[in-house]
Colleague: 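My structure is below; once you've seen it, I'll send some questions.
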Amino acid sequence: MRPWKRKRGMLRGGARYVTVLEPAERALLGELSATVADALIGRAQSAPKDELSELTGMPSGHAEAPDDPRLARLLPDFAAEGEESVEGENRLMRQLHESDIVKGKLIDLRAIIEALEPADNGQVSLTEEQANQWIAAINSLRLYLHAALEGHDGPIAKAEETDAMYQWLSYNQESLVQELMRE
């Protein structure tokens, strides 16, 4: 991957953020984004049905944190253990907000998938809004991979491969953040 570069557009209405990804990088990023999106969709679809939410149209999520440590990293509790001012507050907050958080993460992951679709010599070009979604989505990918690394008990080669993906995502995110912050 080449570092992200900002290109000012005179006719297209604003700056674009551009990089070139190798075919293997595109495939990796697309597959990882789809994997995390599938996990989040599965979580959302497994949410219990609530009569009040059906009557009001307000979505309702799970009351308990995910069992999968990778999803638990993406959807942490709202309060640290023992810090709830009212018993059950964390469960209620999760029920009320988890579906919106999942929806936001899916929108951000979709931005990556859509940006990778046009195969224009490996070039990826983003608007500022898409770049911000890309950064948020990469953060979710990094959290998901980090949790996989923490619980890794397989072959060393697999751990090294996961760590290399994590480092590559970190570089991608840092490069894009630096270009967004550059005046």
Side-chain angles (χ1 to χ4, degrees), residues 1-9 12-47 59 61-62 65-76 97-152 158-159 161-182:
M1 177 193 155
R2 296 182 192 151
W4 286 93
K5 296 290 180 197
R6 180 184 358 197
K7 297 196 175 191
R8 296 216 180 259
R12 287 196 252 169
R16 303 283 299 180
Y17 299 87
V18 180
T19 193
V20 175
L21 297 174
E22 297 296 324
E25 293 172 325
R26 291 173 79 85
L28 172 75
L29 197 51
E31 288 172 21
L32 186 56
S33 296
T35 298
V36 174
D38 287 345
L40 288 167
I41 289 169
R43 174 74 176 177
Q45 290 175 338
S46 70
H62 292 270
D67 292 331
D68 181 340
R70 297 167 299 181
L71 277 177
R73 184 64 61 91
L74 288 175
L75 303 168
H97 298 292
E98 185 178 272
S99 60
D100 290 333
I101 293 168
V102 167
K103 181 180 177 183
K105 289 184 181 298
L106 289 171
I107 289 169
D108 293 339
L109 288 166
R110 184 72 192 152
I112 286 181
I113 293 167
E114 287 176 353
L116 295 175
E117 286 176 358
D120 191 12
N121 294 327
Q123 183 171 321
V124 176
S125 178
L126 307 173
T127 64
E128 185 172 345
E129 179 183 354
Q130 291 168 325
N132 284 308
Q133 289 177 309
W134 189 283
I135 288 167
I138 287 178
N139 195 58
S140 292
L141 298 177
R142 290 178 63 231
L143 288 170
Y144 191 86
L145 277 179
H146 190 267
L149 278 170
E150 282 182 340
H152 199 290
K158 190 69 172 169
E161 180 181 305
T162 303
D163 184 55
M165 286 189 294
Y166 182 84
Q167 296 301 326
W168 178 79
L169 286 169
S170 298
Y171 170 74
N172 186 316
Q173 185 180 38
E174 180 182 7
S175 173
L176 185 51
V177 167
Q178 286 176 345
E179 279 304 299
L180 277 166
M181 293 176 63
R182 192 169 59 86

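These figures come from a predicted structure and were not determined experimentally.
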Colleague: R73 and Y144: side-chain donor and acceptor closer than 3.5 Å?
Modeller: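 Distance-only check fails for R73 and Y144.
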Colleague: Should I138 and L176 count as side-chain neighbours, where that means a heavy-atom distance under 4.5 Å?
Modeller: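 No; the side chains remain at least 4.5 Å from each other.
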Colleague: Would you mind checking if R110 and E117 are paired as a salt bridge, meaning a charged N to carboxylate O distance below 4.0 Å?
Modeller: yes
Colleague: Hey, does V36 have a side-chain heavy atom less than 4.5 Å from the side chain of K105?
Modeller: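 SC-SC contact between K105 and V36 ruled out.
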Colleague: Can you give me the closest heavy-atom contact between I113 and S33, atom names plus distance?
Modeller: CG1-CB, 3.9 Å
Colleague: I'd like to know if the side chain of R16 reaches the main chain of S125, judged simply by a donor and an acceptor atom lying under 3.5 Å from each other, with no hydrogens or angles considered.
Modeller: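 It does hold such a pair.
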Colleague: Under 30°, 30 to 60°, or over 60°: which ring-plane class applies to W4 and W134, parallel, tilted or perpendicular?
Modeller: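 Perpendicular: the ring planes of W4 and W134 meet at over 60°.
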Colleague: What are the two closest non-hydrogen atoms of A147 and P69, and how far apart are they?
Modeller: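 What the structure gives for the nearest pair is CB-O, 3.6 Å.
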Colleague: How many angstroms lie between atom CG of N139 and atom CG of D108, to the nearest 0.5 angstrom?
Modeller: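 The CG atom of D108 is 10.0 Å from CG of N139, to the nearest 0.5 Å.
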Colleague: Under the side chain to side chain contact (heavy atoms under 4.5 Å, CB included) test against V102, which residue among L40, I107, I41, L71 passes?
Modeller: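 Exactly one candidate clears the test, L40.
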Colleague: Less than 4.5 Å apart, any side-chain heavy atom of T19 and any of N172?
Modeller: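 The answer is no, as the side chains (C-beta and beyond) never meet within the 4.5 Å cut-off.
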Colleague: Contact between L21 and L116 at the side-chain level, heavy atoms closer than 4.5 Å - yes or no?
Modeller: yes
Colleague: Using atom types as modelled and distance alone, determine if a side-chain donor or acceptor of R142 lies under 3.5 Å from a backbone N or O of L169.
Modeller: no
Colleague: Rounded to the nearest 0.5 Å, what's the gap from CD1 on I101 to CG on L75? Could you check?
Modeller: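 If we round to the nearest 0.5 Å, I101:CD1 and L75:CG are 7.0 Å apart.
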Colleague: Quick one: does D68's side chain have a donor or acceptor within less than 3.5 Å of a partner on R70's backbone?
Modeller: yes
Colleague: Examine distances only and state if a side-chain atom of S175 and a backbone atom of Y171 form a donor-acceptor pair shorter than 3.5 Å.
Modeller: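 Checked: no pair found.
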Colleague: Closer than 3.5 angstrom, by distance alone: can the side chain of H62 be matched with the main-chain N or O of R43 as a donor-acceptor pair?
Modeller: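 Here the side-chain-to-backbone pair exists.
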Colleague: Identify the two heavy atoms, one from I135 and one from Q173, that lie closest to each other, and give their separation to 0.1 Å.
Modeller: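 Shortest heavy-atom contact: O-NE2, 3.1 Å.
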Colleague: State whether the number of non-hydrogen atoms from other residues, nucleotides or ligands found under 6.0 Å of Q167 atom CD is greater than 12.
Modeller: yes
